[in-house]
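Worksheet: the structure to be examined is printed underneath.
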Amino acid sequence: MTLTFTSKAAAGSVQIRLLTTDQRTQLPASVTEAELSLQPGSRVFLHGENTLFVGLGDRAKVTADTLRLAAGAGAIALKKTGRTDFTLHLGEWSAFAGAAMEGFVLADYRYEDFKPKKTHPIGQVTVVVPTKEIAAARKAGERSATIARLTNLARGIANRPGNIVFPSTLAEEAEWHAKKFGVGCTVLDEKKLKAGKFGGILAVGAGSARPPRMIILEHLEGPKSQPPLVLIGKAVTFDTGGISIKQAADMEKMIWDKSGGAAVIAAMFALNQLGIKRNVIGLIPSAENMPGSNAYRPGDIVTCYDGKHVEIVNTDAEGRMLLADAIGYARRVLKPAAIVDIATLTGACGVALGDSVAGLWSNDEKLGDAVLACSKEAGERTWPMPHFPEYDEQIRSEMGLIKNSGGRMAGACTAAAFLRTFAEKTPWAHIDIAYPAYRDKESAALARGATGFGVGTLVRLAERF
Ligand code: BES
Ligand code: MN
Ligand code: ZN
């Protein structure tokens with residue numbers, strides 16, 4: 001997709017015109033309300049004028065999200081009819097050029113590695129804005145397009161199944177991209193994980209013939225003395241539940257259990273592409289959670305990287321074991337300014353907030369607020385969740401240790417309480433993306449599968465926190 005910002009429409013390509021509900025008079029009189037409600041994302045193509053009209057809804061309620069949806073829904077509708085060159089008349093909405101470009105780029109991705117016939121990608125996009133807005137729109141539009149392209153990279157990683165992407169191939173792929181982008185990359189294989197006493201990662205990986213990895217990505221573009229921001233992403237390449245095995249229904253969705261790791265990998269490359277002058281380190285602990293003969297078991301006591309002992313009561317609560325090691329490593333070795341982890345951690349988070357909203361926990365108000373502000377701007381719905389001493393009580397084991405599950409009640413909050421103990425006094429935030437990480441069905445502006453949720457939030461956070 002090539003992008004041009006101009007004040008004059010390109011002849012030949014499809015025109016995309018955006019209309020709020022009060023602008024119905026600008027439509028040809030033959031278009032009925034049933035054909036085009038002008039609600040956000042509604043659209044109709046008029047052959048005679050070679051124009052796609054897209055609704056923005058109520059003028060007073062138009063936000064960046066509205067433009068993201070309008071551009072995305074418009075692009076998907078046009079691509080389905082074989083049209084791939086667009087002229088978008090942004091007009092009075094030029095301040096939302098970034099969101100509109102995100103909509104286009106995200107709409108351009110679908111997972112079709114195994115489809116015999118691939119769809120044509122978007123070709124030329126011409127964005128028409130008032131002359132004096134061209135420079136600002138181009139700057140915002142190109143920046144957002146970069147973030148969205150890397151969001152698509154995260155989706156591509158997360159969508160590939162467990163027989164193709166497993167810890168060692170995920171690490172190879174991260175290394176390959178890191179070399180291409182010029183981002184520092186170190187991979188700890190199972191020998192190095194053993195030598196380093198990464199007990200949590202090793203326990204989860206033990207049941208699989210495919211050994212675990214820790215991927216470390218370094219974007220050190222700030223002053224030498226600047227303590228890094230550490231981003232941690234859970235990358236369970238497939239989650240069977242292990243010995244506490246999951247039921248068969250929906251288990252195939254656990255290919256997406258590496259979405260947090262994919263988001264961190266992509267965010268690190270986006271920071272590189274945007275030239276962000278900060279020290280940021282990405283940690284991606286990766287394992288396959290399988291019930292093999294060497295698998296960890298309920299009742300096991302596992303010693304994590306920082307020396308804390310954990311009583312395993314449910315091997316399906318594996319993500320927090322990976323994160324515990326990564327958080328411990330970050331705290332002890334990297335001396336970070338802050339740690340932010342992102343993970344498809346609990347089904348309970350979906351029960352609490354629904355399938356398009358992520359939960360946010362933090363031990364530091366400023367950091368938590370920054371994550372929320374960045375997620376809002378990125379169009380990635382995230383909502384603050386509590387910590388109470390009762391949750392710590394729920395995960396206290398009879399032996400005085402902590403246990404890796406606190407049971408059904410407040411499952412997302414007890415998972416967060418578990419992670420919080422590993423962060424200790426380091427400013428830390430945790431984003432649970434269990435359900436927003438993927439869509440089971442295609443929506444107007446997004447293909448089915450991985451959403452890349454979190455890339456936009458993490459990039460903005462690293463830029464500003
Ligand atoms: N990967 C799952 C969480 C998940 C569930 C993600 C549904 C996406 C959709 C995680 O490892 C898990 O199994 N969590 C358990 C925790 C429980 C055993 C305490 C859960 O949510 O049931
Ligand atoms: Mn699990
Ligand atoms: Zn999992």
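The residues of the chain are indexed from 1 along the displayed sequence. Counting starts at 1 for both ligands and their atoms, following the listed order.
Of the N and O atoms on the side chains of Thr315 and Ser244, at least one donor lies less than 3.5 Å from an acceptor on the other residue. Counting only N and O atoms by type, the side chains of Tyr109 and Asn159 include a donor and acceptor under 3.5 Å apart.
Counting heavy atoms closer than 4.0 Å to ligand 1, residue Tyr435 contributes side-chain atoms (C-beta onward) but none from N, CA, C or O. When heavy-atom distances to ligand 1 are checked against a 4.0 Å cut-off, Val236 has no atom that comes that close, whether in backbone or side chain. Heavy atoms of Ala434 found under 4.0 angstrom from ligand 1 belong to the backbone as well as the side chain. The side chain of Lys234, and not its backbone, has at least one atom closer than 4.0 Å to an atom of ligand 1 (non-hydrogen atoms only; side chain from C-beta on). Proximity of Lys253 to ligand 1, defined as any heavy-atom pair under 4.0 Å, is not found for any part of the residue. Under 4.0 angstrom from ligand 1, there are no non-hydrogen atoms of Met321.
Per-atom contact check: atom 22 (O) of ligand 1 does not touch the protein, criterion being a heavy-atom distance below 4.0 Å.
When Asn404, Thr240, Asn314, Thr346 are checked for heavy-atom proximity to atom 18 (C) of ligand 1, Asn314 turns out nearest.
Side-chain N or O atoms of Arg448 include one that pairs as donor or acceptor with a backbone N or O of Asp440 at under 3.5 Å. Formation of a donor-acceptor pair under 3.5 Å by the Lys194 side chain with backbone atoms of Gly199 is not found in this model. Remark: the backbone N or O of Val236 is not paired with any side-chain donor or acceptor of Asp257 at under 3.5 angstrom.
Between His387 and Tyr391, the two ring planes are perpendicular [angle over 60°; tilted spans 30° to 60°]. Ring geometry for Tyr435 against Tyr438 counts as tilted: the plane angle lies between 30° and 60°, on a 0 to 90° scale.
Among the atoms of Asp316, no N, O or S atom is found under 2.8 Å from the Zn ion (ligand 3). For the Zn ion (ligand 3), the set of nearby N, O or S atoms under 2.8 Å includes one belonging to Lys234.
Around the Mn ion (ligand 2), the protein contributes the following N, O or S atoms at distances under 2.8 Å: Asp239 OD2, Asp316 O, Asp316 OD1, Glu318 OE1.
Atom OE2 is the N/O/S atom of Glu318 found closest to the Zn ion (ligand 3). Of all N, O or S atoms in Asp257, the one lying closest to the Zn ion (ligand 3) is OD2.
Closest to atom 20 (C) of ligand 1, if we only count protein heavy atoms, is Gly347 N, 4.0 Å.
With respect to the salt-bridge test (charged N to carboxylate O, under 4.0 angstrom), the residues Glu463 and Arg460 do not qualify. We find that Asp300 and Arg297 are joined by a salt bridge, their nearest charged nitrogen and carboxylate oxygen being less than 4.0 Å apart. Classification of Lys79 and Asp108 as a salt-bridged pair holds, one side-chain N sitting under 4.0 Å from a carboxylate O.
In this structure, the separation between CG on Asp341 and NZ on Lys234 is 10.5 Å, given to the nearest 0.5 Å.
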